[in-house]
Protein chains: 2
Amino acid sequence: MNTMPAVSGQDPSVTGYALLGLFSLREEMSGYELKQLADRTLKFFWTAPAMSHVYSELKQLAKAGLVEETVIQTGARRRRRYRLSASGRSALEGWLSFGEVGFPGLKHEVVLRLFLGAVSGPARPRGILEGYKHQLERRIAELRGIRDGLGEAPHYRYAAIVADWGMRYYREELESVADANERLGGP
Amino acid sequence: MNTMPAVSGQDPSVTGYALLGLFSLREEMSGYELKQLADRTLKFFWTAPAMSHVYSELKQLAKAGLVEETVIQTGARRRRRYRLSASGRSALEGWLSFGEVGFPGLKHEVVLRLFLGAVSGPARPRGILEGYKHQLERRIAELRGIRDGLGEAPHYRYAAIVADWGMRYYREELESVADANERLGGP
DNA sequence: TGTAGCATGTAAGCCGTTACATGATTGA
DNA sequence: TCAATCATGTAACGGCTTACATGCTACA
């Protein structure tokens, strides 16, 4: 016999589990708050879902019983707040301990355009590289701010490892930009 | 008045343009060959499209007049071969010279699971990191083979820059794996 | 009182995948 | 001749985005 509560819907996507996982950092959130948290965490290693996608993902997670939904009526609009349910936590733990993990997926338009440099001529990649460099510097500053806020507290142990991973990655990208610029005969 | 030939369909997606770009490396290809080429080039900086997606993308590109299609009937099955058309080349050039290039998108399940290490406990990330290390080593060997085949010929100038970018990235990932393992108290 | 930003959603539709079906070719 | 691999697609569907619609709140 089945002692689990009946739930409906499919297995969550990886993004679904990722969002579920964020509830381990903060017990209760609205969709908006979850999106904000995703933009300070997930974003650095997993494409941040659009606002509207966060809402629809939460709807599905609620339908599957993995998060508990509290509806608050305020005037003409209802607000919802969510927290991880017991079965949500065990689903998350199960997902984390299960199976193979795929190789990271990358969609790197900068490198794509560099790769096609023979078609566009070298001026275009140089400009793109320049723009990418600025974006990277902004990202690095953003991530450094977050990383500094974590400190060395054991509570943020994993987050700190991940933040340092991200910093190392962005620094490597900066190096690759410099190397490519040099080889393109750039400044 | 419009001097361009009439074509139908939407603007290609980035993946569409990426595939179009591969015809600058090899004049004429079947869908199968295009997929093989993508797996030796694109794959390292842009998620490689599934075989079936390559076929449907080619169909769309042909419909839009960006590639020319030659149909060959052999027995009960027709084969198709493709080459870049004149308007395909100018569409590619236009796309390459146009506009803003977004920040690279990453879907890194390894880091995601590391990030959630507090939920799973440290043993699981350690195992995942170990597996990732092996995958990275295989990738590096694969890319090194390709890179060595390029040599220093000016013809492969851009490809060589991109291959070296990839190698640098994978080496950095290996460093991050080692750092994370250390901090997890691992071997 | 009006406007900018906070907040919550729905609808349409593309992008891309997996599963499936099937044919052709090569070598054991 | 059987199996493996090369090769070509179709169908169904999920994931995720953009565009749009709307309400709420603070403050100038």
Side-chain angles (χ1 to χ4, degrees), chain A residues 8-20 28-39 42-43 46-64 67 69-82 99-100 102-103 105-107 109 112, chain B residues 8-20 28-39 42-43 46-64 67 69-82 99-100 102-103 105-107 109 112:
Chain A
S8 54
Q10 308 263 112
D11 248 41
S13 63
V14 177
T15 297
Y17 280 115
L19 293 176
L20 211 53
E28 199 202 58
M29 283 180 281
S30 66
Y32 194 85
E33 289 164 339
L34 179 56
K35 165 68 173 161
Q36 287 181 315
L37 182 55
D39 283 343
L42 262 198
K43 178 184 153 188
W46 193 261
T47 53
M51 190 67 249
S52 70
H53 185 43
V54 172
Y55 285 120
S56 57
E57 198 71 48
L58 278 170
K59 192 196 262 184
Q60 280 184 252
L61 291 172
K63 194 172 159 198
V67 293
E69 189 183 66
T70 313
V71 181
I72 304 146
Q73 195 76 30
T74 60
R77 163 156 289 177
R78 52 208 184 299
R79 284 147 191 275
R80 296 176 163 86
R81 299 193 66 80
Y82 300 88
E100 286 306 289
F103 199 80
L106 189 56
K107 293 208 158 190
E109 277 203 55
L112 170 57
Chain B
S8 53
Q10 309 263 112
D11 249 40
S13 63
V14 177
T15 297
Y17 280 115
L19 293 176
L20 211 52
E28 200 203 57
M29 284 181 280
S30 67
Y32 195 84
E33 288 164 339
L34 179 56
K35 165 68 173 161
Q36 287 181 316
L37 183 55
D39 283 343
L42 264 198
K43 178 184 154 188
W46 194 263
T47 53
M51 190 66 249
S52 70
H53 185 42
V54 172
Y55 285 118
S56 57
E57 197 70 47
L58 278 170
K59 192 195 263 184
Q60 281 185 249
L61 292 172
K63 193 172 160 198
V67 293
E69 190 184 66
T70 312
V71 181
I72 301 147
Q73 195 76 30
T74 60
R77 163 156 288 178
R78 51 206 183 302
R79 284 145 191 278
R80 295 177 163 87
R81 299 193 66 79
Y82 300 87
E100 287 306 289
F103 199 80
L106 190 56
K107 294 208 158 190
E109 277 203 53
L112 170 57

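Heavy atoms only: backbone and side chains are in, while hydrogens, waters and symmetry mates are out. Every chain is numbered from 1 and lettered A, B, ... according to where its sequence line falls, protein lines coming before strand lines. Note that the structure is a prediction, hence the values are computed from the model and not measured.
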Hey, what are the protein-to-nucleotides 3-7 of chain D N/O distances that come in under 3.5 Å?
from  : atom 1 : to      : atom 2 : distance (Å)
D:dA7 : N3     : B:Arg77 : NH1    : 2.9

**OP:** Kindly determine whether A:Leu34 and A:Leu19 satisfy side chain to side chain contact (heavy atoms under 4.5 Å, CB included), including the steps that lead there.
**Re:** CA-CA 8 Å; A:Leu34 179 56; A:Leu19 293 176; 4.2 Å; yes
**OP:** State the NZ-CG distance between A:Lys35 and A:Leu58, to the nearest 0.5 angstrom.
**Re:**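 Rounded to the nearest 0.5 Å, the NZ-CG separation comes to 12.5 Å.
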**OP:** Could you tell me from which nucleotide to which nucleotide of DNA chain C, 5' to 3', there is an atom under 4.0 Å from chain B heavy atoms?
**Re:**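 Nucleotide range in contact with chain B: C:dC14 to C:dA24.
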Subject >> Minimum heavy-atom distance between B:Gly16 and B:Leu61, given as atom pair plus value >> reply: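 Answer, listing the atom of B:Gly16 first, then B:Leu61: O-CD1, 4.0 Å.
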**OP:** Considering non-hydrogen atoms only, spot the tightest contact between B:Thr47 and A:Gly105 and give its length.
**Re:**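 Closest heavy-atom pair between B:Thr47 and A:Gly105: CG2-CA, 4.0 Å.
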Pairs of donor and acceptor atoms involving the side chains of residues 49-57 of chain B, under 3.5 Å and at least two apart or interchain, shall be tabulated with distances.
from    : atom 1 : to      : atom 2 : distance (Å)
B:His53 : NE2    : B:Glu57 : OE1    : 3.2
B:Ser56 : OG     : B:Ser52 : O      : 3.4
B:Ser56 : OG     : B:His53 : O      : 3.2

Original post:
Quick one: side chain to side chain donor-acceptor pair (under 3.5 Å) partners of A:Thr15, sequence neighbours excluded?
Top reply: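 For A:Thr15, the residues satisfying side chain to side chain donor-acceptor pair (under 3.5 Å) (neighbours in sequence not counted) are A:Trp46.
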**OP:** Please list, chain by chain and in numerical order, all residues satisfying side chain to side chain donor-acceptor pair (under 3.5 Å) with A:Lys43, sequence neighbours excluded.
**Re:**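 A:Lys43 satisfies side chain to side chain donor-acceptor pair (under 3.5 Å) with A:Glu142 only.
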Subject >> CD/A:Gln73: more than 12 non-hydrogen atoms of other groups inside 6.0 Å >> reply: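 Buried by this count: over 12 neighbours within 6.0 Å.
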Original post:
Who pairs with B:Glu28 by side chain to side chain contact (heavy atoms under 4.5 Å, CB included), at least two apart in sequence or on another chain?
Top reply: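 With neighbours one apart ignored, the set is B:Arg81, B:Arg83.
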Subject >> Partner residues of A:Glu69 under the side chain to side chain contact (heavy atoms under 4.5 Å, CB included) criterion, sequence neighbours left out >> reply: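 For A:Glu69 the side chain to side chain contact (heavy atoms under 4.5 Å, CB included) partners, ignoring immediate neighbours, are A:Ala62, A:Val71, A:Arg80, A:Tyr82.
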**OP:** Starting at the 5' end of DNA chain C, write a dot or bracket for each base, bracketing those in Watson-Crick or G-U wobble pairs whose two distances are under 3.5 Å and using | for partners on another strand.
**Re:** ||||||||||||||||||||||||||||
Original post:
Which nucleotides of nucleotides 12-18 of chain D have their base under 4.0 Å from a protein heavy atom (B), which only their sugar-phosphate (S), and which neither (-), written as one string 5' to 3'?
Top reply: ---SSBB
**OP:** May I have the distance from B:Arg78 (atom CZ) to D:dT10 (atom P), rounded to whole angstrom?
**Re:**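 One finds 7 Å between P of D:dT10 and CZ of B:Arg78, rounded.
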**OP:** Taking the side chain as every heavy atom from C-beta outward, state whether B:Leu37 and B:Leu42 have any atom pair closer than 4.5 Å.
**Re:**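 No; the side chains remain at least 4.5 Å from each other.
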Original post:
For A:Lys107, which residues count as a salt bridge (Lys or Arg N to Asp or Glu O under 4.0 Å) partner, sequence neighbours excluded?
Top reply: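 Salt bridge (Lys or Arg N to Asp or Glu O under 4.0 Å) list for A:Lys107, sorted by chain: empty.
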